[in-house]
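Take a look at the structure below.
Model, not experiment: these values are computed from the prediction. Start at 1 with the first residue, then count along the sequence.
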Amino acid sequence: MRYPIGPFSLPNHETATANRLDYVKSIGGLPEEFAAAAKELKERGLLDESYREDGWTARQVIHHVADSHTNAYVRHKRTLTEDHPTITPYDETRWAELPDVTAVPVEVSLDILRGLHLRWATMLATCSDKQWERTAFHAGSGWTYRLDTLAAHYSWHGQHHLGHLKVILSR
């Protein structure tokens, strides 16, 4: 599989509609892919290596995905339960520099991802067509998402960061 390192491209509605099941599968399967990569990184002593110069370390990436996807899960739930909510951004870089990132083992974030992604994928798998078309506005990007394009974004996001871990492992 080619991991999509680089910027996200918002899919059109037809593409998002056609790929809903793929997004659910990607979100549901990410924790095990992350756990396998994290295990190898730990065994090889690479958790504190970055994927590029001035990039985050593997440890930061793993904790970031747990933070980001916790926010994503809430964003999806708000989209399903509120009328066109505004999604607020947060400072991902500053979050990745907080002391818990170095003090807490990556296994804690991997456990978060396992439970969170099970609930998230289950929630998405049970959505009706009407629910998939619910919308939210992202104040940081200015984009209006439908639930399926939001799922597309986070499906990409998980694979994007898995790609960063694979870059470190390929050295």
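Under the salt bridge (charged side-chain N to carboxylate O under 4.0 Å, His left out) criterion, R114 pairs with E32, D111, sequence neighbours left out. With sequence neighbours excluded, the residues forming a side chain to side chain contact (heavy atoms under 4.5 Å, CB included) with R171 are V167, I168, listed by chain and number.
Counting non-hydrogen atoms of other residues, nucleotides and ligands closer than 6.0 Å to CG of D83 gives a total of 12 or fewer.
Cluster partners of W95, by chain and number: Y90. The rule joins Ile, Leu, Val, Met, Phe, Trp and Tyr whenever side-chain heavy atoms lie under 4.5 Å apart. Hydrophobic side-chain contacts under 4.5 Å tie L118 to no other Ile, Leu, Val, Met, Phe, Trp or Tyr residue.
Between the side chain of N19 and the backbone N or O of D22 there is no donor-acceptor pair closer than 3.5 Å. Although no hydrogens or angles enter the test, the distance criterion places a donor-acceptor pair under 3.5 Å between the side chain of W156 and the main chain of P4. The backbone N or O of P31 sits nowhere less than 3.5 Å from a side-chain atom of H117 that would complete a donor-acceptor pair. Distance alone, capped at 3.5 Å, is enough to place a donor-acceptor pair between the T79 side chain and the R75 backbone.
You'll find the side chain of N71 stays beyond 4.5 Å of the side chain of I87, heavy atoms only. For the pair H64 and H157, the minimum side-chain heavy-atom distance is below 4.5 Å. The shortest side-chain heavy-atom distance between H63 and Q60 does not fall under the 4.5 Å cut-off. Side-chain atoms of L30 and V65, non-hydrogen and from C-beta on, do get closer than 4.5 Å to each other. Contact check for L98 versus R94: no side-chain heavy atoms found under the 4.5 Å cut-off. Using a 4.5 Å heavy-atom threshold, the side chains of Q131 and M123 count as separate. H84 is not listed as a side-chain neighbour of R134, based on a closest heavy-atom distance of 4.5 Å or more. Side-chain contact between L165 and L41: present, with at least one pair of heavy atoms (C-beta onward) separated by less than 4.5 Å.
For H76 and W120, the ring centers are positioned less than 6.0 Å apart. Here Y154 and H69 bring their ring centres to under 6.0 angstrom of each other.
Relative ring orientation between Y145 and H153 is described as tilted, the plane-to-plane angle lying within the 30° to 60° band.
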Please determine whether side chain to side chain donor-acceptor pair (under 3.5 Å) holds for the pair N12 and T15, giving the CA-CA distance in whole Å, both sets of side-chain angles, and the decisive distance to 0.1 Å. CA-CA 5 Å; N12 64 39; T15 300; 2.9 Å; yes
Between W132 and R20, is a side chain to side chain contact (heavy atoms under 4.5 Å, CB included) present by the stated rule, with each step listed? CA-CA 9 Å; W132 279 110; R20 290 172 181 166; 3.3 Å; yes
Please determine whether side chain to side chain contact (heavy atoms under 4.5 Å, CB included) holds for the pair D67 and E92, giving the CA-CA distance in whole Å, both sets of side-chain angles, and the decisive distance to 0.1 Å. CA-CA 9 Å; D67 290 341; E92 297 173 350; over 6 Å; no
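Contact detail for A66 and I112: the closest heavy-atom pair is CB-CG2, 4.3 Å.
For the atom pair OG of S155 and CG of L124, the computed distance is 10.5 Å after rounding to the nearest 0.5 Å. Expressed to the nearest 0.5 Å, how far CD of Q159 lies from OG of S26 amounts to 4.5 Å. Residue T135 holds its OG1 atom at 11.0 Å from CG of D148, rounded to the nearest 0.5 Å.
Hydrophobic clustering of Ile, Leu, Val, Met, Phe, Trp and Tyr side chains at less than 4.5 Å, counting indirect connections, keeps I27 apart from L113. Y73 and L110 sit in two unconnected hydrophobic clusters of ILVMFWY residues. Membership requires side-chain heavy atoms under 4.5 Å apart, directly or through other members.
Counting only residues at least two apart or on different chains, no ring-ring contact (aromatic ring centres under 6.0 Å, His included) pair has a member in residues 10-35. Annotation: side-chain hydrogen bond (donor to acceptor under 3.5 Å, both in side chains) contacts involving residues 42-54, sequence neighbours excluded, comprise E40-R44, K42-E107, D48-R59.
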